[in-house]
Peer 1: 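Got a structure for you, questions after.
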Amino acid sequence: MQAVEIILASQSPRRRELMTKIGIPFEVITSEAEENTKEILPENVVKDLSHIKAKAVLEKRKSICPARPVVVIGADTIVSVNREILGKPQTERDAYEMISKLQGIQHQVYTGVTIMMYEPDSGRTTVKTFAEKTDVKVCAMTPKEIAEYISCGECMDKAGAYGIQGKFGIYIEKINGDYHNVVGLPIARVYHTLKELLEKSGGKWGKTP
């Protein structure tokens with residue numbers, strides 16, 4: 001098999017940074033699909049949404065280059081606290097309410113990943129979907145600390161209204177699980193799943209000519 005192109009179906013700069021750490025060449029193609037799910041459980045929600053993203057980008061890629069093998073990686077991250085799912089805040093008010101719910105207690109961060117590998121020679125598409133969970137304990141915060149954090153501006157494009165890798169790091173008491181999962185992509189599991197797929201297919205990753 002010729003070199004397999006790797007595509008990240010996400011516009012998230014954090015996921016791009018994490019994929020770079022894996023050390024393989026990749027390109028970014030974002031999904032334009034409607035991200036609607038009927039799932040309720042957090043781990044199923046992120047798996048379903050990651051599948052929607054990956055499938056949309058794979059179909060787009062196949063329509064452009066149907067004869068080239070490709071792997072598409074879709075991902076979705078949410079925060080869950082006391083069984084309530086927190087997505088990205090729409091306003092600063094949303095962000096304040098979200099962080100108020102998280103402060104002083106433990107919550108869960110789920111990232112769903114779908115990896116789709118298309119092999120044009122056989123017409124086969126192999127799909128691997130999983131969800132990773134990390135427990136995160138946030139320190140107690142005063143209203144002033146919450147407001148000051150929101151004012152820095154890093155919260156608005158992040159699930160749960162915080163970035164563990166940014167200024168919010170000073171309020172993270174402890175985590176149990178994969179740190180990179182909280183950032184947006186469990187890169188160890190992604191790497192080993194990619195490796196397994198390529199070894200079984202006899203392919204290698206890299207840019208196709």
Side-chain angles (χ1 to χ4, degrees), residues 4-20 22 24 26-66 68-81 83-90 94 98 107-120 122-134 156-161 163 177-178 180-194 196-198 201 205:
V4 179
E5 190 167 11
I6 311 295
I7 296 176
L8 175 64
S10 174
Q11 61 182 351
S12 165
R14 276 84 57 192
R15 293 197 183 109
R16 290 200 298 267
E17 290 171 5
L18 291 172
M19 278 294 293
T20 300
I22 293 179
I24 60 174
F26 70 96
E27 64 175 294
V28 173
I29 299 178
T30 58
S31 167
E32 297 174 2
E34 290 290 329
E35 297 177 16
N36 298 318
T37 179
K38 295 180 180 179
E39 299 292 344
I40 298 174
L41 296 176
E43 59 267 36
N44 291 337
V45 169
V46 290
K47 286 194 291 185
D48 194 29
L49 293 177
S50 72
H51 188 277
I52 290 171
K53 294 176 183 180
K55 183 179 180 181
V57 171
L58 178 61
E59 292 304 316
K60 184 188 300 185
R61 181 64 174 75
K62 284 167 61 179
S63 70
I64 299 171
C65 301
R68 292 181 178 178
V70 64
V71 170
V72 176
I73 303 169
D76 191 81
T77 301
I78 61 171
V79 168
S80 177
V81 55
R83 299 184 178 180
E84 179 184 358
I85 294 175
L86 304 182
K88 297 177 182 178
Q90 299 300 309
D94 289 342
M98 288 183 183
H107 66 272
Q108 289 69 46
V109 177
Y110 294 86
T111 295
V113 177
T114 294
I115 301 177
M116 294 186 175
M117 181 174 182
Y118 171 64
E119 300 173 72
S122 64
R124 180 176 61 190
T125 299
T126 304
V127 181
K128 298 285 186 180
T129 299
F130 59 85
E132 194 76 21
K133 182 189 79 168
T134 303
M156 296 307 294
D157 66 337
K158 298 175 178 64
D178 186 346
H180 295 112
N181 186 56
V182 185
V183 179
L185 196 67
I187 55 174
R189 194 166 177 184
V190 168
Y191 171 81
H192 289 287
T193 302
L194 280 172
E196 178 185 358
L197 279 174
L198 290 170
S201 68
W205 48 48

Peer 1: Going by side-chain hydrogen bond (donor to acceptor under 3.5 Å, both in side chains), name the pairs with one or both residues in residues 33-43, residues two or more places apart or in two chains.
Peer 2: Thr37-Asp48
Peer 1: Between Leu194 and Met117, is there a side-chain heavy-atom distance shorter than 4.5 Å?
Peer 2: no
Peer 1: I'd like to check the side chain to side chain donor-acceptor pair (under 3.5 Å) partners of Thr193; sequence neighbours left out, ordered by chain and number.
Peer 2: none
Peer 1: For Arg83, give me all partners under side chain to side chain contact (heavy atoms under 4.5 Å, CB included), at least two apart in sequence or on another chain.
Peer 2: none
Peer 1: Out of curiosity, Arg189 CZ to Asp178 CG, how far, rounded to the nearest 0.5 Å?
Peer 2: 10.0 Å
Peer 1: For residues 49-59, please give each side-chain donor-acceptor pair under 3.5 Å, one per line with the distance, not counting sequence neighbours.
Peer 2:
| residue | atom | partner | partner atom | Å |
| --- | --- | --- | --- | --- |
| Ser50 | OG | Val46 | O | 3.3 |
| Ser50 | OG | Lys47 | O | 2.8 |
| Ser50 | OG | Thr114 | N | 3.4 |
| Ser50 | OG | Thr114 | OG1 | 2.7 |
| Lys53 | NZ | Ala75 | O | 2.8 |
| Lys53 | NZ | Asp76 | OD1 | 3.0 |

Peer 1: Please examine the side chains of Met156 and Pro89, heavy atoms only from C-beta on, and report whether any two atoms are closer than 4.5 Å.
Peer 2: yes
Peer 1: Can you confirm whether Arg15 sits close enough to Ile73 that some side-chain heavy atom of one is under 4.5 Å from a side-chain heavy atom of the other?
Peer 2: no
Peer 1: Apply side chain to side chain contact (heavy atoms under 4.5 Å, CB included) to Ser122 and list each qualifying residue two or more places apart in sequence or on a separate chain.
Peer 2: Glu119, Arg124
Peer 1: Nearest 0.5 Å please: distance from the CZ atom of Phe26 over to the CG atom of Leu8.
Peer 2: 6.0 Å
Peer 1: Taking atom OG of Ser10 and atom CZ of Arg16, what is their separation to the nearest 0.5 Å?
Peer 2: 7.5 Å
Peer 1: Identify, with sequence neighbours excluded, every residue that meets side chain to side chain donor-acceptor pair (under 3.5 Å) alongside Glu196.
Peer 2: Lys200
Peer 1: Mind checking the OG1-CG spacing from Thr129 to Asn44? Nearest 0.5 Å is all I need.
Peer 2: 11.0 Å
Peer 1: Could I get the full list of side chain to side chain contact (heavy atoms under 4.5 Å, CB included) partners for Lys133, not counting sequence neighbours?
Peer 2: Gln108, Tyr110, Asp135
Peer 1: Once you round to the nearest 0.5 Å, how far does OG1 of Thr111 lie from CG of Asn181?
Peer 2: 4.0 Å
Peer 1: Could you measure the distance from the CD1 atom of Ile29 to the CZ atom of Arg61? Nearest 0.5 Å is fine.
Peer 2: 6.0 Å
Peer 1: Identify, with sequence neighbours excluded, every residue that meets side chain to side chain donor-acceptor pair (under 3.5 Å) alongside Asp157.
Peer 2: Arg14
Peer 1: Check side chain to side chain contact (heavy atoms under 4.5 Å, CB included) between Glu84 and all other residues, then give those that pass, not counting sequence neighbours.
Peer 2: Leu86, Lys101
